[in-house]
Amino acid sequence: MFPSIRSFLAFGYTLIVLLIVASLGVGIHTLVDHRLREDLDKGLESRARQIARFILSDTDTDLARQVQRLSGGINGGEPESDVIYIRLYDTSGLALPLDGPIPPIPDATPQELRRLKGPAIKTVVGREGTRMRVVTQPVLYRSAPIAYIQASRSLAPVERITGQLRSALVVGGVLAGLLAGLLAYILAYQALRPFSEIVEDTREIGADTLDRRLPSTYGVDEVSRLARSFNSLLDRLQNAFDLQKRFVADASHELRTPLTTIRGNIDVLLLDPRLSPEVRASLQNVSTESARLTRLISNLLLMARADVGSSPSSFRPVDLHALVLETVHQSLASTEDVSLSLGREDQVSVAGDADQLKQVLLNLVDNALKYTPSGGQVTVSVYSEGPWAKIEVSDNGIGISQPDLERIFDRFYRAERNLRGVSGSGLGLSIVHWVVRSHGGRITVESALGEGSTFTVWLPLFGSTDTTAADPGGPVSNRSLTNL
Ligand code: ADP
């Protein structure tokens, strides 16, 4: 629901502050409103009592004449909302004519007055919607009412003050909420910054940089503890990775020796002219499959080495032309319906590891033969161009689509539409890529679906130091081209 912890905290704090301000506001408002009404009621009651005392203390018992005298003292020149309106009723409930402003409320009915035992107070909505507070009380002489007094006053001043208080509380509350949200956001940002740093630092750690570690202090104890436990997780992961790599390397190495023996023995058996056609076919099948297995194991071994990192000090001069001839000769044995031939041949040498370069050639030629249908043509060329030795393996096979071109050098990637019917591991090209890069070279692919592909390997010529100036990308054709 919330995109980040920061926004969650900001929202939470805003809500909490709004709740606190709202409950405080309701409390203050209720208190002030109650006190103001209480004051107003007390004022009205004391005025009514004052008039009652005046009536009772007057020796002239004629109410009409008392009214005359009262009129002079009642209702001075206050503003309309501050006026205390006085009404006087005789015992029959008749309102007596007093001077001064007429209250904006209907007169009390005789029944209402007769029910009164003491002062009664209520709120009445007067003319023009004015809300009035009204106190009505009998004037008792020897427990018998001799008149009724009604004192009333507008509630407008009280409502004006409580209205202003309400607006101030709402505005203050909203401002406090916004301020709290902003402060919470800033505080959360500051508090969570070490976590963002840890995210950035961990992003830089990948399968090939597992030896990196996070700094052990991040300013905040919790985050530093997280970094330490992440580092110990990395230790365990790296150990597991190393173990796995060592296992692959050892196992591949151990498997290669018996496989070479098997292939040697089969080749010897195949020399026997007395073999029946069925047995010969089976043996040839075993020979092809064990050759495939040898290639796979060599790839695995190289992959394990790639993970550990190779040492360029083991590089020696390698006759690339001889290596190409050897590979083509070897591959001819495994192809019947696709023709494999040599194209341009130059005598070129490079500095490198002959076994690894042989594997590059085997993988490229093997792929070209695999992905070219019967009747197709595969050509292998080796020549020099400027400071570069180039090996070109081109076919007129099924070709590679643009999206696949982006990924064929990834480990274990196999183009979806080639999966059916063609065996493979998805390892060959990633090994080719690694070997070529570790020899200071590059590889380019030019391919068009249904027309064929050309893989070109660029390696620095033996003794050449000038390869950085030259462009190993070569001419870009308008067909799909990947340059790695
Ligand atoms: P695989 O064991 O599948 O051949 P690779 O790593 O050697 O694995 O090749 C990766 C993918 O690249 C292959 O699955 C295939 O789809 C594609 N590919 C490689 N070489 C060619 C080629 N000469 N023609 C068409 N597609 C190819």
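Just so you know, ligand 1 is whichever comes first in the structure, and atom 1 is the first atom listed for that ligand.
- Close contacts between ligand 1 and Gly424 involve ligand atoms 2 (O) [criterion: under 4.0 Å to a heavy atom].
- In this structure, Phe455 is part of the shell of residues with a heavy atom less than 4.0 angstrom from ligand 1.
- Here the side chain of Ser331 pairs no donor or acceptor atom with the backbone of Val328 at under 3.5 angstrom.
- Numbered from 1 in the order shown, with element, the atoms of ligand 1 that lie under 4.0 Å from a heavy atom of Lys370 read 1 (P), 2 (O), 4 (O).
- Close contacts between ligand 1 and Ser453 involve ligand atoms 24 (N) [criterion: under 4.0 Å to a heavy atom].
- When heavy-atom distances to ligand 1 are checked against a 4.0 Å cut-off, Tyr413 comes that close only through its backbone atoms N, CA, C and O.
- Between Arg37 and Asp41 there is no salt bridge, since no side-chain N of the basic residue sits under 4.0 Å from a carboxylate O of the acidic one.
- Under 4.0 Å from ligand 1, heavy atoms of Leu429 appear from its side chain as well as its backbone.
- For ligand 1, one of its N or O atoms has an N or O atom of Asn367 under 3.5 Å away.
- Residue Leu427 places a heavy atom under 4.0 Å from ligand 1.
- Enclosure of atom CZ in Arg35 is not indicated, since only 12 or fewer non-hydrogen atoms of other residues, nucleotides or ligands lie within 6.0 angstrom.
- Salt-bridge annotation for Glu222 and Arg225: absent, with no side-chain N of the basic residue lying under 4.0 Å from a carboxylate O of the acidic one.
- The option from Gly426, Gly428, Ala415 that lies nearest to atom 1 (P) of ligand 1, judged by heavy atoms, is Gly426.
- Atom CG of Asp366 is separated from atom CD of Gln359 by 9.5 Å, given to the nearest 0.5 angstrom.
- Ring geometry for Phe315 against His439 counts as parallel: the plane angle stays under 30°, on a 0 to 90° scale with 60° as the upper cut.
- Contacts of Asp395 with ligand 1, taken as heavy-atom pairs under 4.0 Å, involve the side chain alone.
- Residue-ligand proximity, Ile408 to ligand 1, at heavy-atom distances under 4.0 Å covers atoms 10 (C), 11 (C), 12 (O), 17 (C).
- Within a 6.0 Å sphere centred on CD of Glu38, heavy atoms belonging to other residues, nucleotides or ligands number more than 12.
- Of all atoms in ligand 1, numbered sequentially from 1 with element shown, those under 4.0 Å from a heavy atom of Gly399 are 25 (C).
- Here Lys390 does not pair with Asp346 in a salt bridge; the nearest charged N to carboxylate O distance is not below 4.0 Å.
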